[in-house]
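Computed from heavy atoms alone, side chains included, the values below leave out hydrogens, waters and symmetry copies. In what follows, chains are A, B, ... by sequence order, proteins preceding strands, each numbered from 1.
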Number of protein chains: 2
Amino acid sequence: MTEDPRPAGAPTLEDVARAAGVSRATVSRVVNGVRNVDPVIQESVRQAVAATGYTPNRAARSLVTRRADSIALVVSGAGDDSAEDPADGPPEPADSPPDASAVGPDGANNSFTAHVFADPFFGRVVAGVVNYLRPRGMYPVLMFAETSRARDEVVSYLRQGSADGALVVSTHAEDPLPALITDAGLPAVLYARPARPARISYVDLAHQDGARLAAEHLLARGCRRIATITGPLDVPAGQDRLAGFRDTMARRGHPYIPIAEGRFTQESGETAMERLLAEHPDLDGVFAANDLMAVGACHVLREHGRRVPEDVAVVGFDDSSAALACRPPLTTVRQPVEEMAAEMARLLLDRLAGPDRSVTSVIFEPSLVVRGSA
Amino acid sequence: MTEDPRPAGAPTLEDVARAAGVSRATVSRVVNGVRNVDPVIQESVRQAVAATGYTPNRAARSLVTRRADSIALVVSGAGDDSAEDPADGPPEPADSPPDASAVGPDGANNSFTAHVFADPFFGRVVAGVVNYLRPRGMYPVLMFAETSRARDEVVSYLRQGSADGALVVSTHAEDPLPALITDAGLPAVLYARPARPARISYVDLAHQDGARLAAEHLLARGCRRIATITGPLDVPAGQDRLAGFRDTMARRGHPYIPIAEGRFTQESGETAMERLLAEHPDLDGVFAANDLMAVGACHVLREHGRRVPEDVAVVGFDDSSAALACRPPLTTVRQPVEEMAAEMARLLLDRLAGPDRSVTSVIFEPSLVVRGSA
DNA sequence: CCGTGCCGGGAGAGCGCTCTCCCATGTGCT
DNA sequence: AGCACATGGGAGAGCGCTCTCCCGGCACGG
């Protein structure tokens, strides 16, 4: 082939401009709705766009605007520790070859990714984020960061401008990712207050208030021998829910509350319930720090011949889909995850729009959803 | 210094080249590992890269390579019908108003996105895709396509080069999205065979074989009055699972099998089980076409005083997290969703790498996982 | 000794877009 | 009239990268 100016490539601004008999700049102005353009010309440009089937090339636009118009949604946390690599390993070549093999059958820590979505919580976060982003023509890039290598990749992804900022949901306490991101001067918003204070915006729930709702409900129901299955006590959500629960109970004349620590999984809830039941066979109320553990508790209670809620009342936390899937359906403290996730996206987009680098946090109020279990 | 060439922007190839005392082209060659470069120079470039903290700008690279190095993961299907537009109805104005009212505060069909992840299935797909993509330095962009407007946006997103191809998971039968994408000449791979044949690659499960496993297991267990809760009968998975089940049962001397149609949700499983129980109070075995419905069935059975598995054996399908969350844990037909999703990603990447436009499909074999419910 | 390769490096032309200038018109005021 | 100024359009310079050329150097064979 000597020369073929129109091989198969998508139409460009230039093509549209030619078709409409105007300049590239004018077409660009019409397409982006910027500045005043004569209505007549506007119309002819519109027609030319339609006629050529023009779609702006995002890479070209990004190159000059320096915006990817895309954000990363990062689920961060620790996978199984066996897969965790040392923080600062050998000085790897800056850019690893495209075919980075080396880590497991498919290179990654699959157990983490596989289990994340077993918790309905993350699905709700995704839904909330997507619902906010979508009307704005944006879609999140889904990333996981459970190893230091993966964290570096997230930072690198952001640094190369593939996304303008990050929404980070951490699953454990000492997550180094937020610091990594902000240190690199990249915009990010967290779901939930970080374990150690940092200059970073976040959305969170008034966990203590939620726990108070649960305590008051159990007491109002007439429960008198109440225990709680806590979340992991190294994360703020776990701590706060316990603190709020204990506090309220103490205030109501129950200074001592048996507790068993769980890990927010159904299985850990079962174990915790077994332990609690062994030590306090006469309990009549349980507050589990999330629904998954509450479901586990219900199973164990039933296996031990206790009826829920007649013998033992159970209150969960989150109002996740697990709460409804369970029999009886769980009475639970609702966490408006979707709205919180949407707010998180809003905060990030605001930050991206205006460079007023204010760090804010938005705290949501929980509410009690009374169903069958208590 | 007369000028200040380093304002605040990230270092570019040019900067690295200057630092290493070579040309842009050479740095590019080193970074991309293409062509031979003198080892000595290579090393000095590496150091310059490290010293400057260089990260290639993705937009610039995409612009010239015409690859986004990114793919879309699209969950496609019908939201609540109220928001869905007729399949081939009146020639609707191409663009419905941006603020399609009647569908939530933020203009989108939130109920769809909110419910998608209530099914643990989608989380597994995401995990499988991410696990395959991640070692290759790619991350999926998450999109939903449940309205014609959303579908157009997906196509447009792909057309503007924001992603190189799409992985499509449909939730209902007559999904127009795959056709839309392939008509636009865009690469895509489906999860599950499309309802109407199309020139498009897909991965799928040998549903009939799975149903056979379930049937044989129930029969081997001694069940004789067996019913089935089917999936929606307008989707191939629903049809095939029923066909396989009926076929095996007929072959084994059970030509008539009571059926009740569900919609793959726990609630529909409950309704179906109620119906089945009302009409056939003496049944002793149930095959539910997915785990969610099986869980619903278990609940209803228990409420009607039937013990699982002693009185009625229940077999599910999928081996989703719901199977383990349930008491007793579900005996179920395992669908290797993660592997299938990874394969789907592999097919797409292969297609993107080599333009040998072969359309292939890969069918996975299910296996039976025996747990407590049957 | 001069071709003929090959090998490793540089020059430079774009990729498609945005956006700053700049210029040709109006339009209103002195 | 003369001038200031707003208005709307075009020209063109890049954004940071890849990749095709091209060219100098060196080894080899005739």
Side-chain angles (χ1 to χ4, degrees), chain A residues 1-45 48-49 52-69 94-95 98 159-162 164, chain B residues 3 5-45 48-49 52-69 159-162 164:
Chain A
M1 307 293 167
T2 39
E3 193 83 26
D4 187 1
R6 190 88 320 119
T12 74
L13 259 197
E14 191 70 52
D15 298 328
V16 180
R18 206 177 307 124
V22 296
S23 73
R24 268 208 320 282
T26 300
V27 179
S28 174
R29 288 196 265 258
V30 172
V31 169
N32 297 302
V34 77
R35 263 186 52 172
N36 272 354
V37 175
D38 186 306
V40 179
I41 297 193
Q42 242 182 78
E43 185 47 33
S44 73
V45 168
V49 166
T52 52
Y54 171 75
T55 316
N57 177 306
R58 174 183 288 225
R61 176 178 286 175
S62 285
L63 183 56
V64 36
T65 58
R66 295 160 169 295
R67 298 281 251 86
D69 271 323
D95 239 29
R159 290 221 317 138
Q160 64 186 6
S162 305
D164 300 322
Chain B
E3 349 190 4
R6 188 85 329 107
T12 73
L13 258 197
E14 191 70 51
D15 299 325
V16 180
R18 205 176 307 126
V22 296
S23 72
R24 271 208 320 278
T26 301
V27 179
S28 174
R29 288 196 266 258
V30 172
V31 169
N32 298 302
V34 78
R35 260 186 55 171
N36 271 355
V37 175
D38 186 307
V40 177
I41 296 193
Q42 241 181 79
E43 185 46 32
S44 73
V45 168
V49 166
T52 52
Y54 171 74
T55 316
N57 177 305
R58 173 182 289 225
R61 178 178 283 176
S62 284
L63 184 57
V64 37
T65 59
R66 295 158 171 294
R67 298 279 251 92
D69 270 325
R159 289 221 320 140
Q160 65 185 5
S162 305
D164 300 323

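Spacing between atom CG of B:D38 and atom P of D:dG25 amounts to 16 Å, rounded to whole angstrom units. A straight line from CG of A:L63 to P of D:dA13 spans 17 Å, rounded to a whole angstrom. Atom P of nucleotide C:dC17 and atom CZ of B:R61 are separated by 21 Å, given to the nearest angstrom. Rounded to a whole Å, the CD atom of A:Q160 is 16 Å from the C1' atom of D:dC15. Summarising the geometry, the separation between CZ on B:R58 and C1' on D:dC15 is reported as 17 Å, rounded to the nearest angstrom. To the nearest angstrom, P of C:dA11 lies 13 Å from CZ of B:R18. With rounding to whole Å, A:D15 atom CG is found 11 Å from C:dC15 atom P.
For B:V37, the side-chain atoms get nearest to C:dG9 when compared with the rest of C:dG9, C:dC17, D:dA11. Nearest to the side-chain atoms of B:R24 among the listed nucleotides D:dG8, D:dC17, D:dC19 stands D:dC17. Here the nucleotide nearest the side chain of A:V64, chosen from C:dT18, C:dA11, D:dT18, is C:dT18. Candidate nucleotides D:dG12, C:dG9, D:dT18 were compared by shortest atom distance to the side chain of B:I41, and C:dG9 ranks first. When the nucleotides C:dG8, D:dT18, C:dT18 are ranked by their closest atom to the side chain of B:L13, D:dT18 comes out on top. Comparing C:dC17, D:dG9, D:dT18 by their closest approach to the side chain of A:A60 singles out C:dC17. With C:dT18, C:dG10, C:dC15 as the candidates, the nucleotide lying closest to the side chain of B:R66 is C:dC15. Of the listed nucleotides (C:dG8, C:dC17, D:dC17), C:dG8 has the atom at the smallest distance from the side chain of B:N36.
B:S62 places a side-chain N or O within 3.5 Å of a backbone atom of B:R67 that can act as its donor or acceptor partner. The backbone N or O of B:A68 sits less than 3.5 Å from a side-chain atom of B:D164, completing a donor-acceptor pair. At distances below 3.5 Å, not a single donor-acceptor pair connects side-chain atoms of A:S28 with backbone N or O atoms of A:R24.
Here the side chains of A:V22 and A:V27 are in contact, with some heavy-atom distance below 4.5 Å.
Counting only N and O atoms by type, the side chains of A:T12 and A:E14 include no donor and acceptor under 3.5 Å apart.
Regarding contacts with the backbone of C:dT18, a side-chain N or O of A:S28 is found under 4.0 angstrom from either OP1 or OP2.
Here A:V22 lies in heavy-atom contact (under 4.0 Å) with sugar-phosphate atoms only.
Residue-to-nucleotide contacts include no donor-acceptor pair under 3.5 Å from the side chain of B:R29 to the base of D:dT18.
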